[in-house]
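Report on the following structure.
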Amino acid sequence: MRSIQSAAWALALAVLALAGCSREPSPDAATPVPTKETAVAADRDEHSYAEPTQVVVDDLALDLDLDFDSRTLAGTATYTLDWKDDNATELVLDTRALTIERVEGEADGQWSPLQFALDAPHLTLGSRLAIQVPQRNARVRVTYRTSPEASGLQWLTPEMTEGKRLPFMFSQSQQIHARSWVPLQDTPAVRYTYSATIRTRPDVMVLMSADNDPAAQRDGEYAFRMPQRIPSYLMAIAAGDLVFEPISARSGVWAEPAMVERAVAEFADTEKMIAATEALYGPYRWERYDLLVLPPSFPYGGMENPRLSFITPTVIVGDKSLVSLIAHELAHSWSGNLVTFASAKHGWLNEGVTSYVENRIVEALYGKEFSDMEFVIAREALKDNIGDMPEATQALAVKPGTELDADDALSAVAYDKGAWFLQFLEERYGRETFDAFLRGYFDHFAFQSVTTEQFLAYAKEHLFDPNPGKTTEAEIQEWVYAPGIPASAPQVMSPRLGLVDSARLAWLGSAQLPPQQLTAEWTTQEWIHFLEGLPPTLSQEQMAQLDTAYAFTGTPNGELAMRWYPLAVRSGYMLAFEPMTQFLQTVGRRKLILPIYAALVETPEGLALAREVFERARPGSHPITAASVQRIIDEAKPKPAAPAGAEAPEAPVDPADAQATGG
Ligand code: BES
Ligand code: ZN
């Protein structure tokens, strides 16, 4: 049975891959809206076993015990179903490492057992759970428990928290980890409402991506409702010693007590950000917007869980210089949570549109000079990297069959090329027209999941056709379906970063550090740019001079650490190694630590150090981060120390790991 299904799955993927070939960019394409067969192929979410054309989950009700001792969630998930196909009698759910104890269907208030089969796990997709529902019941209930190793949950002992008093746990469901803690149709093509009752020890606070009450009392039993339809990757839960401090009437910060004041000060502009986004794109539709500050092991910078963005503590640097992360997660309340990509292949619809909106929010709050710096930094990185990526992943719309590892599916292309495409459209159509278009797009597709093709069809009708002569179809095709960066890409200049270039160049030439009055004014962005533009290695004297002047080693600013430590590794600057290993053992944000591991594994000694550090970091690290680090170590091809004059073999680092910005 299983092997037939695997074969069928492989065949389906092959067919999708072939269908994708017809979507090669063609400069003389007649229309930006692709053919029907490619649109159909694009509709299949390769990361899910669910069959939403047969039946969809309309509402989910969870009733779970959250137990820190056994590191499990256990209880029931009850689905209200909408049977789509008249002949369908099977409900297929995604699961990963779940124990399924019982499945029942309801008829006339009575629950009776249903037959089910749980397949052997697929390496990345988990186990297909097929439930036979011959009566096509409107309600089905699964009794299950999670594994202590659930890929979407991290369980922390009290020692691993800021306060060291209570244990902590949190989820990270995107891209396909919700299935490791709830059996689900784990595809963004399906949206449903949910409710939950969670029981745990009475001294622990529980929050979800739902209607959290800022005044909730701790008593060990918590009830939640999410009345707006959301896709599975936005399911979220966190539990620990969490307290609330308001920022405004509708927003505030949840954090451990020792963290909450600093977080509120850093994120004080959140209400202004909400208001600025509403002015651009219409009302915020999710009632409250709160932030949850997680332990440093959180694998991402932020996660846009509805009503409660999850945030890394690594952006709390004391000067608000990294709060564009909040603008980004907030922007997802429009691009992503309201209008959702139909599958990760359309990642740019979430992350590219969001990065564009993020930049508009940052511009509204902190001015164009600042937002331009952020645009330039992102684009420089994209320009540096895109050429090394496989051609298939350089296009905004990823062809069916291209990606299988969901954790690496969103690269700088989705984020920065996506945002660049929208900026190109803004420039050609003018801000007023383009803003109205984007606002209309959010309204039109509100609470729906869309494909690139639907975006393009909507754009054709509401932007391209009503405003002829501003862009050509060839230009649009190139932006969406071709590799590389189109020649039509608007250039952004940043005089402030230009000054940094001059300062760096002068120092490299003369060993004269820039004047203190200049660098005293530099923000994180200028320092990032300074470091990014340095040659791959520096001499010991150069490293020491910079370090003495600017104290990069041991910096609490992760954005600088992620750039300084790889330089230190390549330059053999040993003084940085101890603080670097400390950093790698505390921080779990993939974007900040993967470049350091990638630099380490380029030499045999570095690889040995990487293994040693990871050994120590592993017990406190998140399953998603641990898997990424393990992959870098496993795939390492260190350059053997070459005898002088000999040609050393190339040791490429997997660009998927080194460049993923969804980290
Ligand atoms: N939704 C992403 C995080 C994500 C992407 C998780 C793909 C899993 C798979 C989130 O909104 C995000 O983009 N975070 C970035 C923020 C940055 C671009 C400002 C991050 O974590 O670094
Ligand atoms: Zn994002």
Side-chain angles (χ1 to χ4, degrees), residues 247-248 250-253 262-281 284 289 291 293 301-302 304 309 311-335 351-382 415-416 418-420 422-423 426-427 431 434-435 438 490-501 517-532 556-560 563 591 661:
I247 292 171
S248 70
R250 60 174 165 175
S251 79
V253 173
R262 269 195 299 148
V264 167
E266 196 84 20
F267 306 141
D269 294 340
T270 302
E271 174 59 39
K272 283 187 204 137
M273 290 184 177
I274 306 173
T277 324
E278 288 186 309
L280 286 166
Y281 306 116
Y284 177 76
Y289 181 71
L291 305 169
V293 179
E304 65 270 28
S309 286
I311 303 295
T312 174
T314 62
V315 293
I316 304 177
V317 288
D319 62 1
K320 296 186 181 174
S321 63
L322 298 176
V323 296
S324 52
L325 177 89
I326 307 298
H328 180 99
E329 303 313 335
L330 170 68
H332 274 305
S333 306
W334 285 260
S335 41
E351 298 303 342
V353 178
T354 293
S355 297
Y356 170 82
V357 171
E358 164 198 340
N359 201 260
R360 294 293 303 273
I361 301 171
V362 169
E363 181 189 322
L365 264 84
Y366 307 109
K368 190 151 165 52
E369 217 180 59
F370 189 82
S371 58
D372 278 352
M373 279 204 289
E374 296 212 310
F375 252 164
V376 169
I377 289 169
R379 278 160 200 192
E380 293 293 314
L382 177 68
Y415 285 79
D416 304 319
W420 211 341
L422 294 204
Q423 203 209 0
E426 181 202 315
E427 194 189 81
R431 204 166 246 204
F434 185 69
D435 286 358
L438 202 53
Q491 296 310 312
V492 176
M493 297 299 177
S494 166
R496 274 171 68 175
L497 295 184
L499 227 60
V500 175
D501 287 328
Q517 310 91 281
L518 182 71
T519 51
E521 299 294 311
W522 283 5
T523 60
T524 301
Q525 285 66 25
E526 277 131 329
W527 287 113
I528 289 174
H529 190 67
F530 182 81
L531 290 173
E532 292 262 308
N557 189 326
E559 291 285 340
L560 304 183
R563 292 168 171 93
K591 174 187 148 179
T661 50

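Values below: every heavy atom of this structure, side chains too, minus hydrogens, waters and symmetry copies.
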Are [X] and [Y] packed together at the side-chain level, in the sense that at least one heavy-atom pair is separated by less than 4.5 angstrom?
X: W522; Y: V500; value: yes
X: R496; Y: L499; value: no
X: M373; Y: T523; value: yes
X: L280; Y: W334; value: no
X: V376; Y: E380; value: yes
X: I311; Y: V253; value: no

Check against side-chain hydrogen bond (donor to acceptor under 3.5 Å, both in side chains), S324 and E374: CA-CA 9 Å; S324 52; E374 296 212 310; 3.2 Å; yes
Is there a donor in the side chain of [X] and an acceptor in the side chain of [Y], or the other way round, less than 3.5 Å apart?
X: E329; Y: S309; value: no
X: H332; Y: E358; value: no
X: H328; Y: T354; value: no

[X] side chain to [Y] backbone, donor-acceptor under 3.5 Å:
X: Y289; Y: L330; result: yes
X: Q525; Y: L497; result: no
X: D372; Y: S494; result: no
X: R563; Y: E559; result: yes

Do you know which two heavy atoms are closest between [X] and [Y], and how far apart they sit?
X: A327; Y: V362; result: CB-CG2, 4.0 Å
X: E427; Y: P490; result: OE2-CB, 3.1 Å
X: A276; Y: L365; result: CB-CD1, 3.9 Å
X: I247; Y: A268; result: CG2-O, 3.7 Å
X: E521; Y: E526; result: O-OE1, 4.3 Å
X: L325; Y: G301; result: CD2-O, 3.3 Å

Qualifying residue for side-chain contact (heavy atoms from CB on, under 4.5 Å) with L322, from V317, T314, T312: V317
Passing candidate, side-chain contact (heavy atoms from CB on, under 4.5 Å) with I377, options L382, D416, I528: I528
Give, for atom [atom1] of [X] and atom [atom2] of [Y], the distance between the pair rounded to the nearest 0.5 Å.
X: L438; Y: S335; atom1: CG; atom2: OG; answer: 7.5 Å
X: I274; Y: R250; atom1: CD1; atom2: CZ; answer: 4.5 Å
X: E426; Y: R431; atom1: CD; atom2: CZ; answer: 4.5 Å

Derivation and outcome, side-chain contact (heavy atoms from CB on, under 4.5 Å), residues D269 and Y366: CA-CA 10 Å; D269 294 340; Y366 307 109; 2.6 Å; yes
With sequence neighbours left out, what residues match [X] under ring-ring contact (aromatic ring centres under 6.0 Å, His included)?
X: H529; result: none
X: F375; result: none
X: F267; result: none

Crowding at CD, E278 (>12 non-hydrogen neighbours, <6.0 Å): yes
Y284 and T277: CA distance, side-chain angles, deciding distance, side-chain contact (heavy atoms from CB on, under 4.5 Å) verdict: CA-CA 8 Å; Y284 177 76; T277 324; over 6 Å; no
